[in-house]
Amino acid sequence: MSVSSPARVRLVDVGPRDGLQNEPGSIDIATKVALIERLGDAGLSAIEAASFVSPRWVPQMAGSGEVMRALRRRPGVSYGALTPNMQGFEAARAAGVDEVAVFAAATETFSRKNINCSIAESLERFRPVVEAAREHGLRCRGYISCVLGCPYEGAVDPRAVAALAATLYEMGCYEICLGDTVGVGTPAATLRVFEACAQKVPVDRLAGHFHDTWGMAIANIHAALGFGIATFDASVAGLGGCPYSPGASGNVATEDVVYLLDGLGVETGVDLDALVDCAAWISGVLGRAPQSRVARARLAQRSREEQRT
Ligand code: HMG
Ligand code: MG
């Protein structure tokens with residue numbers, strides 16, 4: 001297979017969903033809406049805005065319908081949401097999402113902890129969601145969690161991930177997003193899992209979703225880029241984590257990915273300064289400094305510049 005880095009990358013900011021779902025406190029609707037709008041204003045064309053899951057399981061995502069309805073939508077931006085079953089799909093559709101996502105896991109234990117069913121049962125729940133999405137003209141993404149390691153089962157065989165990727169793709173998911181939920185992956189392991197999945201799913205239908213627990217997310221994205229992967233998830237200010245993945249930190253920060261891609265001359269359509277402003281704002285609302293190295297460095301640089309003038 002010939003392999004080259006893409007000229008343009010599609011970034012999906014999952015901060016409003018993956019980021020906020022793990023916050024200890026509850027976040028009001030107006031803050032969620034403002035975050036999504038600021039991300040659109042910064043140039044993100046795909047934003048995972050909501051999650052239609054059980055509020056008993058993830059209380060922070062309650063009110064997702066209200067968030068979707070209150071949004072000032074920017075033309076050209078796709079607003080997506082997680083939909084684990086038909087109940088979630090119907091709520092997401094009623095709220096006017098542009099795309100939905102089903103989420104499977106590469107290991108049985110994570111599947112049970114996260115969505116209360118086996119992998120096989122989850123696929124049977126997803127099938128009608130994917131079909132209903134197609135009927136209603138909505139795209140459906142398929143996530144696979146724990147592709148580089150599981151918090152409960154440890155190492156994961158790339159062949160098991162590839163088999164699941166093939167099933168979700170054949171079911172009708174337009175894109176298969178490989179999640180390093182725990183954030184333990186390294187570039188070599190990242191390449192192994194993408195290589196295995198590319199045997200079954202076209203490379204341009206694969207995406208990467210890296211948590212940054214062990215600090216390797218940017219290196220993993222660089223490796224995946226070299227393999228031709230052109231869609232990555234990231235979270236403004238490095239917000240996030242999964243409530244059912246103990247010890248995992250936030251997603252790779254969108255600012256860090258944009259800085260990497262700007263430096264490589266890869267287009268994203270995102271304005272780094274506007275994104276840094278958004279990272280500083282949401283971190284302030286949540287009562288902390290941005291997690292991202294790039295946001296911190298840029299903010300420090302700005303304050304030095306201000307002191308000089
Ligand atoms: P369950 O308890 O097995 O569901 O949960 P059930 O079908 O037996 O229904 C039980 C109750 O839940 C019923 O209410 C349903 O109405 C309600 P009751 O009659 O008892 O009052 N219910 C719902 N309510 C709202 N929305 C729904 C829904 N479905 C049922 N869609 C379920 C199964 C899947 C619902 C639950 O386990 C769940 O919501 N899990 C979500 C977990 C989650 O959101 N995890 C984080 C996202 S995944 C992630 O972060 C990884 C990712 O980022 C990639 C990566 O990093 O790898 C994507
Ligand atoms: Mg995640």
Side-chain angles (χ1 to χ4, degrees), residues 12-23 48-65 68 80-95 97 99-107 109-119 121-126 128-129 132 140-152 156 161 164-165 168 173 175-185 190 193 207-213 217 220 231-235 238-254:
V12 181
D13 201 297
V14 295
R17 192 282 300 171
D18 206 342
L20 299 186
Q21 75 179 10
N22 211 38
E23 280 299 315
E48 200 165 74
S51 182
F52 293 89
V53 297
S54 160
R56 275 196 220 160
W57 285 65
V58 185
Q60 295 86 340
M61 288 291 104
S64 280
M68 286 305 305
L82 295 191
T83 53
N85 52 21
M86 279 307 289
Q87 188 173 340
F89 175 79
E90 291 303 349
R93 193 172 75 82
V97 303
E99 92 170 62
V100 295
V102 293
F103 45 106
T107 66
T109 314
F110 192 84
S111 183
R112 288 215 170 271
K113 297 266 186 193
N114 197 41
I115 52 173
N116 205 24
C117 62
S118 69
I119 297 170
E121 284 163 342
S122 76
L123 293 171
E124 287 322 302
R125 279 184 198 174
F126 298 156
V129 174
C140 184
R141 183 183 226 208
Y143 276 105
I144 305 177
S145 286
C146 299
V147 304
L148 293 169
C150 171
Y152 309 103
V156 169
V161 178
L164 195 48
L168 288 168
C173 292
E175 175 172 270
I176 308 302
C177 183
L178 303 185
D180 181 10
T181 320
V182 200
V184 286
T190 298
V193 78
H209 173 113
F210 295 95
H211 286 259
D212 202 22
T213 320
N220 295 341
T231 299
F232 294 99
D233 293 359
S235 172
L239 303 174
C242 172
Y244 297 100
S245 176
S249 76
N251 293 86
V252 65
T254 317

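All of these numbers come straight from a predicted model, not from anything done at the bench. Atoms within a ligand are numbered from 1 in the order they appear, just like the ligands themselves.
- For D180, no nitrogen or oxygen atom sits less than 3.5 Å from a nitrogen or oxygen atom of ligand 1, counting backbone and side chain alike.
- Qualifying side chain to side chain donor-acceptor pair (under 3.5 Å) partners for T109, counting only residues two or more places apart in sequence or in other chains: E153.
- In this view, R93 and F89, E90, H136, L138 satisfy the side chain to side chain contact (heavy atoms under 4.5 Å, CB included) rule, not counting sequence neighbours.
- Of the possible polar contacts, none joining the H211 side chain to the V182 backbone as a donor-acceptor pair under 3.5 Å is found.
- Remark: the backbone N or O of C146 is paired with a side-chain donor or acceptor of T181 at under 3.5 angstrom.
- Nearest residue to atom 41 (C) of ligand 1 from D233, L178, N114, T181 is N114 (criterion: closest heavy atom).
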So R125 and Q87, side-chain contact (heavy atoms from CB on, under 4.5 Å) or not? Walk me through it.
-> CA-CA 10 Å; R125 279 184 198 174; Q87 188 173 340; over 6 Å; no

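- Rounding to 10 degrees gives 90° for the angle at the Mg ion (ligand 2) between NE2 of H211 and NE2 of H209.
- At least one donor-acceptor pair closer than 3.5 Å links the side chain of T83 to the backbone N or O of A101.
- Atoms of ligand 1 found under 4.0 Å from any heavy atom of G88 (numbered from 1 in listed order, with element): 31 (N).
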When you look at T254 and D13, which way does the side-chain hydrogen bond (donor to acceptor under 3.5 Å, both in side chains) test go after all the steps?
-> CA-CA 7 Å; T254 317; D13 201 297; 2.7 Å; yes

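- Residue nearest to atom 43 (C) of ligand 1, selected from V58, I144, D18: V58 (by heavy-atom distance).
- Formation of a donor-acceptor pair under 3.5 Å by the N220 side chain with backbone atoms of G185 is found in this model.
- The closest donor-acceptor contact from the side chain of S111 to the backbone of A105 lies at 3.5 Å or more, if one exists at all.
- Contact between P55 and ligand 1 is present, with at least one heavy atom of the residue lying under 4.0 Å from the ligand.
- Looking at D233 and R141, a side-chain N of the basic residue comes within less than 4.0 Å of a carboxylate O on the acidic one, giving a salt bridge.
- For N85, every heavy-atom contact with ligand 1 shorter than 4.0 Å involves the side chain, none the backbone.
- Taking only non-hydrogen atoms, the option from F52, F110, W57 nearest to atom 27 (C) of ligand 1 is F52.
- For ligand 1, the atoms closer than 4.0 angstrom to any heavy atom of F103 are 48 (S).
- Within D18, the N/O/S atom positioned nearest the Mg ion (ligand 2) carries the name OD2.
- With a heavy-atom cut-off of 4.0 Å, H209 touches ligand 1 through its side chain alone.
- Shown in contact with N116 at under 4.0 Å from a heavy atom are these atoms of ligand 1, numbered in order with element: 1 (P), 2 (O), 3 (O).
- Some N or O of V53 is nearer than 3.5 Å to an N or O of ligand 1, by distance alone.
- Of the residues listed (P59, S54, P55), the one engaging W57 in a side chain to side chain contact (heavy atoms under 4.5 Å, CB included) is S54, and it is the only one.
- The residue from R56, M61, K113 that puts a heavy atom closest to atom 20 (O) of ligand 1 is R56.
- Within ligand 1, the atoms closer than 4.0 Å to a non-hydrogen atom of L82 are 47 (C), numbered from 1 in the order shown.
- In this comparison of H211, R112, R141, Q87, the heavy atom closest to atom 16 (O) of ligand 1 sits on Q87.
- Atoms of ligand 1 lying under 4.0 Å from any heavy atom of S145, numbered from 1 in the order shown and given with element: 51 (C), 54 (C), 55 (C), 57 (O).
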